[in-house]
Amino acid sequence: MQRTEPIDTIDWHTGGEPFRIVPSSPAAVTGDGLTVAQRRVIAMHSDEVQWMRALLCSEPRGHADMYGGFLVPPDDAGAHLGVLFWHKDGFSTACGHGTMALGAWAVASGRVPAPADGVTDVVVDVPSGRVTASVRTSEGLVEEVTFTNVASHVHATDIPVETSRGPVTVDIAFGGAMYAVLPAAAIGLKVRPQDVSQLIAVGREIRDALNTTGVAEHPSDPRLSGVYGTIFTEEVGPPRVHTDGSRQLHQRNITVFADGEVDRSPCGSGTSARVALLAATGELRPGDELHHESVVGSVFRARIKEPATSHGQPAVIASMTGTAHMVAECRFTVDPRDDLVPGFVLR
């Protein structure tokens, strides 16, 4: 596959995590009459789409931790946009930080009309379902975005895993994708930049070990099965109790997803999985807030928006608020004489 026409993108970041928006997406995924989940399957098997993903992710146009999305038609008129999320290893089923960036872009660009002051819901169809980015504007500028996810639930608890740093037990929760969750202290590390390389290595080990057992099979949709990421958590301090009795939990996390990529943000779908776990143990109650900090210090303020059920089991609708900012408008070109197209990944 070779393409020489320029590709225009709009680059944003949410809490430090990049999101490269591609409005003019490959023809293979923009035809009529398909759901976004079906478009993802097509993308995974299309040489054209995979080539374009690799071009925009890989060096020299991207990097090992690049993230982005192809805009596609929504499932029906009930949503403003559809999106296929991608990274260097393929196409993910969910992406909270990407949904937040996409909502902010839709309002800032005028694609979705919004008042100068107020909150505008941008409804987005993603492979795991229909989600919402509620964009708050002030004097015509985007101030913050609240992401409301699909129902999140605890999938399994206390699963033993052998790692190079000793045996651990993990919980598995679904927040649009399956995540294995454990304290960083369980492997003798902290959620801090100097430990990132070691956290990546163990995160890969845990994901790979679990995915050989079938323990993370989605109850109804095999396309959502398998551990997508490993979340290492850390308590920052005791909960703060407000005068109305509600509490603010302060925790830090790092999400290692796909094949060793690191989320610079607190991770939207990962935060949803974390909310589901904390709700199940009673540590996070309706009215409480999780001050969820990333490895670079950015924060999502997460809550249980409402209780839910998922496949007959208790679940929650999680919401989280953060900021997204535009980084660049880009036009990527391909020289047909370039032997390094579509690119390479060198971590």
Side-chain angles (χ1 to χ4, degrees), residues 29 33-45 69-70 72-79 81-87 89-96 98-99 123-133 147-159 161 170-181 206-231 255 257-258 267-281 302 304-320:
V29 293
L34 298 169
T35 66
V36 173
Q38 290 169 331
R39 297 179 197 279
R40 175 175 176 263
V41 174
I42 291 171
M44 293 166 64
H45 294 92
F70 294 133
V72 297
D75 291 356
D76 56 52
L81 305 165
V83 60
L84 298 181
F85 300 118
W86 44 254
H87 46 73
D89 300 305
F91 293 87
S92 58
T93 59
C95 178
T99 301
V123 182
V124 185
D125 282 335
V126 307
S128 60
R130 179 161 289 177
V131 298
T132 302
F147 166 58
T148 302
N149 202 0
V150 298
S152 302
H153 65 272
V154 176
H155 181 75
T157 58
D158 298 325
I159 305 299
V161 184
V170 306
D171 298 328
I172 300 175
F174 178 82
M178 293 285 187
Y179 291 92
V181 185
I206 291 172
R207 179 207 61 177
D208 291 347
L210 291 171
N211 283 342
T212 63
T213 67
V215 72
E217 296 300 309
H218 191 272
S220 67
D221 190 342
R223 295 172 297 187
L224 303 176
S225 293
V227 172
Y228 173 59
T230 304
I231 302 175
T255 300
F257 67 93
C267 185
S269 54
T271 295
S272 299
R274 186 67 178 142
V275 166
L277 283 165
L278 292 170
T281 61
I304 301 169
K305 183 175 182 181
E306 59 187 69
T309 57
S310 180
H311 306 95
Q313 301 297 318
V316 295
I317 302 295
S319 68
M320 64 215 66

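Only a predicted model underlies this, so the values are computations on that prediction, with no experimental measurement involved.
Judged purely by atom type and a 3.5 angstrom limit, Arg40 uses its side chain to pair as donor or acceptor with the backbone of Phe91. Under the 3.5 Å distance criterion, the side-chain polar atoms of Asp75 are left unmatched by any main-chain donor or acceptor of Thr35. In this structure, Asn211 contributes its side chain and Val227 its backbone to a donor-acceptor pair below 3.5 Å. In terms of modelled atom types and a separation under 3.5 Å, the side chain of Arg39 and the main chain of Leu34 share a donor-acceptor contact. Side-chain atoms of Asn149 come within 3.5 Å of backbone atoms of Gly175 as a donor-acceptor pair (strictly under, hydrogens ignored). No donor-acceptor pair closer than 3.5 Å links the side chain of Ser152 to the backbone N or O of Ala276. Between the side chain of Asp171 and the backbone N or O of Ala180, no donor-acceptor pair lies under 3.5 Å.
Separating the OG1 atom in Thr230 from the CG atom in Leu210 is a distance of 7.0 Å, to the nearest 0.5 Å. Here the straight-line distance linking atom CD1 of Ile172 with atom OG1 of Thr157 works out to 9.5 Å at 0.5 Å rounding. With rounding to the nearest 0.5 angstrom, the SG atom of Cys95 is 8.0 Å from the CZ atom of Phe147. In this structure, CD1 on Ile304 lies 11.5 Å from OG on Ser272, to the nearest 0.5 angstrom. The OG1 atom of Thr93 sits 9.0 Å away from atom CZ of Phe85, with the distance rounded to the nearest 0.5 Å.
In summary, the side chains of Ser92 and His87 do not present any donor paired with an acceptor at a separation below 3.5 Å, with no hydrogens or angles considered.
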> Does the side-chain hydrogen bond (donor to acceptor under 3.5 Å, both in side chains) test come out yes or no for Tyr179 and Ser269, once each step is laid out?
Replying inline: CA-CA 9 Å; Tyr179 291 92; Ser269 54; 2.5 Å; yes
> Would His218 and His155 count as a ring-ring contact (aromatic ring centres under 6.0 Å, His included) if you check the C-alpha gap in whole Å, the side-chain angles of each, and the deciding distance to 0.1 Å?
Replying inline: CA-CA 8 Å; His218 191 272; His155 181 75; 7.8 Å; no
> Between Met178 and Tyr228, does a side chain to side chain contact (heavy atoms under 4.5 Å, CB included) hold up when you go through it step by step?
Replying inline: CA-CA 6 Å; Met178 293 285 187; Tyr228 173 59; 5.5 Å; no
>> Pair Thr148, Ile317 - check side chain to side chain contact (heavy atoms under 4.5 Å, CB included), show working.
In response: CA-CA 7 Å; Thr148 302; Ile317 302 295; 3.6 Å; yes
> Can you check side chain to side chain contact (heavy atoms under 4.5 Å, CB included) on Arg130 and Val123, steps first, answer last?
Replying inline: CA-CA 7 Å; Arg130 179 161 289 177; Val123 182; 3.6 Å; yes
>> Run Val124 and Thr132 through side chain to side chain contact (heavy atoms under 4.5 Å, CB included) and show every step you take.
In response: CA-CA 6 Å; Val124 185; Thr132 302; over 6 Å; no
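In this structure the side chain of Ser220 reaches within 4.5 angstrom of the side chain of His311, judged on heavy atoms. Within the 4.5 Å cutoff, the side chain of Val83 has no heavy atoms near those of the Val72 side chain.
Legend: residues meeting salt bridge (charged side-chain N to carboxylate O under 4.0 Å, His left out) with Asp208, ordered by chain and number and at least two apart, are absent.
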